[in-house]
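Just so you know, residue 1 is the first one in the sequence shown, and it goes up from there.
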Amino acid sequence: MIGQLKDNKIQLKRIFIESTLPDALQPLKVLANNIWWSWNKEAIALFEYIDKEQYIALRYNPVALLEQLSPKRAEELVNDKDFLQRLQGVVREFEAYIAVSPEAGSPKIAYFSMEYGLHISLRLYSGGLGVLAGDYLKEASDDNSNMIAVGLLYRYGYFEQAISLHGDQINNFPPQKFTKLPIQPVRDEQGEWVKISVGLKGRMVYAKVWELKVGRISLYLLDTDIDENEWHDRSLTHQLYGGDNEHRLRQEILLGIGGIRALRALGYDDADIYHCNEGHAAFLNLERLKNYIQHEGMSYEMALETVRSSSLFTTHTPVPAGHDYFHEDLLREYLYSYAAELGIEWSRFVALGKIDPHNHDELFSMSHLAIRLSQEVNGVSELHGAVSQKMFKVLYPGYHPEELHLGYVTNSVHYPTWIAKEWNDLYLETFGNGFLRDQSNKEYWRKIHNVPSEQIMGIRRKLKARLLDYVRETMQEDLTRRGENPRSIFELINAIKDNALVIGFARRFATYKRAHLLFTNLERLSSIVSNSDRPIIFLFAGKAHPADGGGQGLIKHIIDVSKRPEFRGKVIFLENYNMEMAKLLVQGVDIWLNTPTRPKEASGTSGMKAALNGVMNFSVLDGWWAEGYRPDAGWALPLERTYDNQDLQNELDAESIYNILEFDILPTYYEQDENGISEKWVSYIRQIIAEVAPDFTMKRMLDHYYERFYHKLAQRGRALRADNYAGARQVAKWKHTMEQRWDRIELAQADTFDSDNRALQVGEHFYADLKLYLNGVSAEDVGVEVVFFSRVDEEVLKLQFKEELELKEVKDGVATYHCELDPKLAGVYEYGFRAFPKSGQLAHRQDLPLVKWL
Ligand SMILES: *Cc1c(COP(=O)(O)O)cnc(C)c1O
């Protein structure tokens, strides 16, 4: 007997039992498998109706919900006529939506991003960059853009945050079960799962391709956690922003090079535009270069023109941690043979990401690589565009920051995702038909002025109550889990007052966002929150990167403050910020607070989500708020810094926050009539809805990308590709000639207004005649201009104006350029002359950034 038991080893096989939904409920599965449901209020309501408690417990994941649906509940639903009818309605809407194809001839865009924030149930994002990419795809779908997207499928994604009793951040990495995500394997014609490979340090690493449907748009996700790979390589797609610098390099090779291979394997190697969302994906253009060289027989230079003419790079932050750098030695281990395949020397390869290619220790910048391989580059707000010009001016010596061909499109948010159902119902009813397809048109939004104050405040109160219920519930759970004593939990929950003014602050806890600013002077803050006639609650949430000790310190500090008796129930930190919590917060608070260090907030988008929902912003005039702020629709801290010393600046900013809170915000909010309504407050709500929100809807942002970049790129890309790439060949040849000969140009003689010895009288003309030895360069290919600056301080010059000189004659290899101008301005200026390559074939001045000051 005993012997038998010994031999009786447990033998297990794996089986996947698919749930079978009754036929009548099958359409739910179709809906669950396209993330479109997540921005359709009626579809959300259906899933909630099935089993709200379970739905929330499953993190709003309808695939999981349907899989776990009990036969009993299924039967109830099958017999629920009203439910089935609503289901049919949503399915009809979905089918009609999906059936539309992009307009013929609209440019085809391939969008690459390291992260996508589409929904809480898809942990493929860490913060704003991802949410922006997710919102963008949703709008591209709604707007019927011809777009496909590429990213990585993370087994563990970004971490889930818990907080210990002592306020330390705990990073959890629960795995995602791919069978419970709305993703499908991509199969080829033989029915085989499409698989690509990239060489990483001499070893082949394989990735399978999944498809995630975002409405009409396909997002292709690469997954290396497959049997074909060794353990080390399987973990390549485990975490978002995890691991060391080498790990990041490996991920980026997979995303960029592997991403293009995936598109090629799917037959999509014909996009008109490749949009690189942040520098992580910049290797994609290397693989495109290689394809042109190997498959089209192009020279490196010609391939470069072809690639550049169809590439857009969006840079997202001036904060150094947001830009990836790799040491040349590391890069060599991975890409040395790749450079050889491009047919270029290693030094020329590393020059793509460096300022000085001969400086061995200068790190290779992914942003510089992205810029050099893209014709168009943009920042994400007007201010950030200018900041980026300064940051990248090192790439263009001889040019002034404002002259750089680096534009901007201000970020935005996807209206259907972030709007509360209650507001959406009101807007649709009040604004009328056409509003949804014309979201940036203020004429619609201004109809909010016809809505009575009671109705507006009714919605606001309802959303606040929903948020505070959530806060009580989660605090009860979180604090119990932490082992907090029941009495203080009870006191805290009781201290949360429904009629309080609620201020929210939630975002990644990067130190530049200064989450601690409010706590600079605790006595002052305490006196503000202790007035029981004017209750006030501060809600904080956000994750700090696991490697960011500073950010984690800020969280701990806030937790400590929140435990003090005077702040109990008034300062609250909510664990594990995510997109669902973000919705509750931006819809439920009265004020959204943002206090970044200037000018480091490139855009910020959570405040826009708040604005859509009639929530006031109180923020530093940085990023989007510098464009969105109006004095009758929110509050601001000034744009300019007063102090160079950051500590002094922090103190001053904190002081301003206390003053504005105490003497402006609180009195405005609490100046209430007998119905508890402050008319002034409601007028602010109306203003932010009517005048601010419409400028920050994703529709406007998508339109701007088309107007400013996509159309232009599509046109130039086509022009260069036509006639078997004749245009690309020509541009490459011309640039090559100019580069070879540029240094030969010399100033022969200058005859200009004598500014050394006398002042130019207003009304008098400034003139210049410059003679250049061209030494083999054609005079038509050389532009000469005069540039006037005014001096701001020792280091900073401000460009005032420039004017091109006219080519007068060419004689014996000497070209004469002339100008005569009336400056019309009085004052002291500094001016100079410079030559630049000139051709109708260039997309813009920095397309060939040679310049010679004369
Ligand atoms: C919108 C959003 C962000 C971005 O917020 P910022 O204001 O840009 O910092 C980050 N995380 C989540 C979960 C969001 O929903």
Side-chain angles (χ1 to χ4, degrees), residues 18-51 55 60-67 69 74 77-104 106 108-109 116 118-119 121-122 134-149 179-187 210-221 266 268 414-417 419 421 424-425 427-428 433-439 698-699 702:
E18 245 181 307
S19 65
T20 43
L21 278 182
D23 283 350
L25 301 184
Q26 284 297 333
L28 284 168
K29 229 171 163 172
V30 176
L31 291 180
N33 275 300
N34 186 320
I35 200 72
W36 173 85
W37 71 264
S38 74
W39 72 92
N40 183 284
K41 306 285 180 214
E42 183 59 12
I44 296 170
L46 284 179
F47 290 124
E48 273 178 2
Y49 180 82
I50 291 174
D51 185 343
Y55 174 66
Y60 312 82
N61 180 340
V63 179
L65 180 74
L66 295 178
E67 213 174 271
L69 187 63
L77 291 171
V78 168
N79 293 314
D80 186 335
K81 289 234 165 53
D82 179 56
F83 176 78
L84 291 182
Q85 207 163 22
R86 283 166 63 199
L87 174 58
Q88 277 164 15
V90 175
V91 168
R92 268 197 302 273
E93 193 184 338
F94 175 65
E95 284 172 349
Y97 178 95
I98 282 297
V100 183
S101 337
E103 223 173 279
S106 77
K108 188 165 182 173
I109 299 144
Y116 291 93
L118 290 155
H119 187 252
S121 62
L122 284 155
D135 274 11
Y136 194 59
L137 295 193
K138 291 172 185 174
E139 185 63 42
S141 170
D142 289 347
D143 215 43
N144 206 11
S145 285
N146 193 354
M147 192 179 289
I148 45 175
T179 52
K180 293 189 180 178
L181 299 185
I183 53 176
Q184 282 82 37
V186 178
R187 300 194 182 277
W210 298 80
E211 182 181 16
L212 196 164
K213 280 282 189 192
V214 184
R216 300 169 181 136
I217 293 197
S218 294
L219 166 57
Y220 295 104
L221 297 167
L266 301 174
Y268 294 126
H414 183 240
Y415 167 86
T417 296
I419 195 73
K421 184 176 185 309
N424 190 47
D425 291 345
Y427 293 170
L428 291 182
N433 290 335
F435 155 65
L436 279 183
R437 298 297 347 119
D438 191 12
Q439 284 167 28
M698 220 6 127
K699 174 81 172 94
L702 186 67

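Pairing each heavy atom of L702 with each of S145, the nearest pair is CD2-OG, 3.7 Å. The two residues N34 and G215 make their nearest non-hydrogen contact at OD1-N, 2.7 Å. In terms of heavy atoms, L65 sits closest to F47 at CD2-O, 3.6 Å. Taking both residues in full, the closest heavy atoms of P27 and V91 are given as CB-CG2, 3.5 Å, listed atom of the first, atom of the second, then distance. Taking all atoms of both residues into account, the shortest heavy-atom contact from L84 to V78 is CD1-O, 3.2 Å. A pairwise comparison of heavy atoms in V63 and K180 identifies CB-O, 3.6 Å as the closest pair.
Although no hydrogens or angles enter the test, the distance criterion places a donor-acceptor pair under 3.5 Å between the side chain of K138 and the main chain of L118. With hydrogens and angles disregarded, a donor-acceptor distance shorter than 3.5 Å links the side chain of Y97 to the backbone of D142. Using modelled atom types, no side-chain atom of D135 and backbone atom of M698 make a donor-acceptor pair closer than 3.5 Å. Side-chain atoms of N144 come within 3.5 Å of backbone atoms of S101 as a donor-acceptor pair (strictly under, hydrogens ignored).
Side-chain contact between W210 and Y220 is absent, with no heavy-atom pair separated by less than 4.5 Å. Side-chain contact between Y415 and K699 is absent, with no heavy atoms from C-beta onward closer than 4.5 Å. Side-chain contact check for W36 versus E93: some heavy-atom pair is nearer than 4.5 Å. Residues L25 and F83 form a side-chain contact, since some pair of their non-hydrogen atoms from C-beta on lies under 4.5 Å apart.
When each of L77, N40, V90 is tested with L46 by the rule side chain to side chain contact (heavy atoms under 4.5 Å, CB included), just one qualifies, namely V90. Remark: of the listed residues I35, L137, L122, L137 is the sole one forming a side chain to side chain contact (heavy atoms under 4.5 Å, CB included) with L219. A side chain to side chain contact (heavy atoms under 4.5 Å, CB included) with W37 holds for exactly one of I44, L28, V30; it is I44.
Rounding to the nearest 0.5 angstrom, the gap separating the CG atom in N61 from the CG atom in L66 is 9.0 Å. In this structure, NZ in K41 is found 9.0 Å from CG in D425, a value given to the nearest 0.5 Å. Between the CG atom of L87 and the CG atom of D82 there is a distance of 11.0 Å, given to the nearest 0.5 Å. Taking CZ from R86 and OH from Y49, the interatomic distance works out to 7.0 Å, rounded to the nearest 0.5 Å. The line from NE2 of H119 to OG1 of T417 is 9.0 Å long, rounded to the nearest 0.5 Å. Atom NZ of K29 is separated from atom CD of E67 by 8.0 Å, given to the nearest 0.5 angstrom.
Enclosure of atom CG in N433 is not indicated, since only 12 or fewer non-hydrogen atoms of other residues, nucleotides or ligands lie within 6.0 angstrom. Atom CG of D23 has 12 or fewer neighbouring heavy atoms from other residues, nucleotides or ligands inside a 6.0 Å radius.
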Show your working on salt bridge (charged side-chain N to carboxylate O under 4.0 Å, His left out) between E139 and R216 and close with a plain yes or no. CA-CA 10 Å; E139 185 63 42; R216 300 169 181 136; over 6 Å; no
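In this structure, W39 and H414 have perpendicular ring planes: the angle between them is above 60°, well past the 30° mark.
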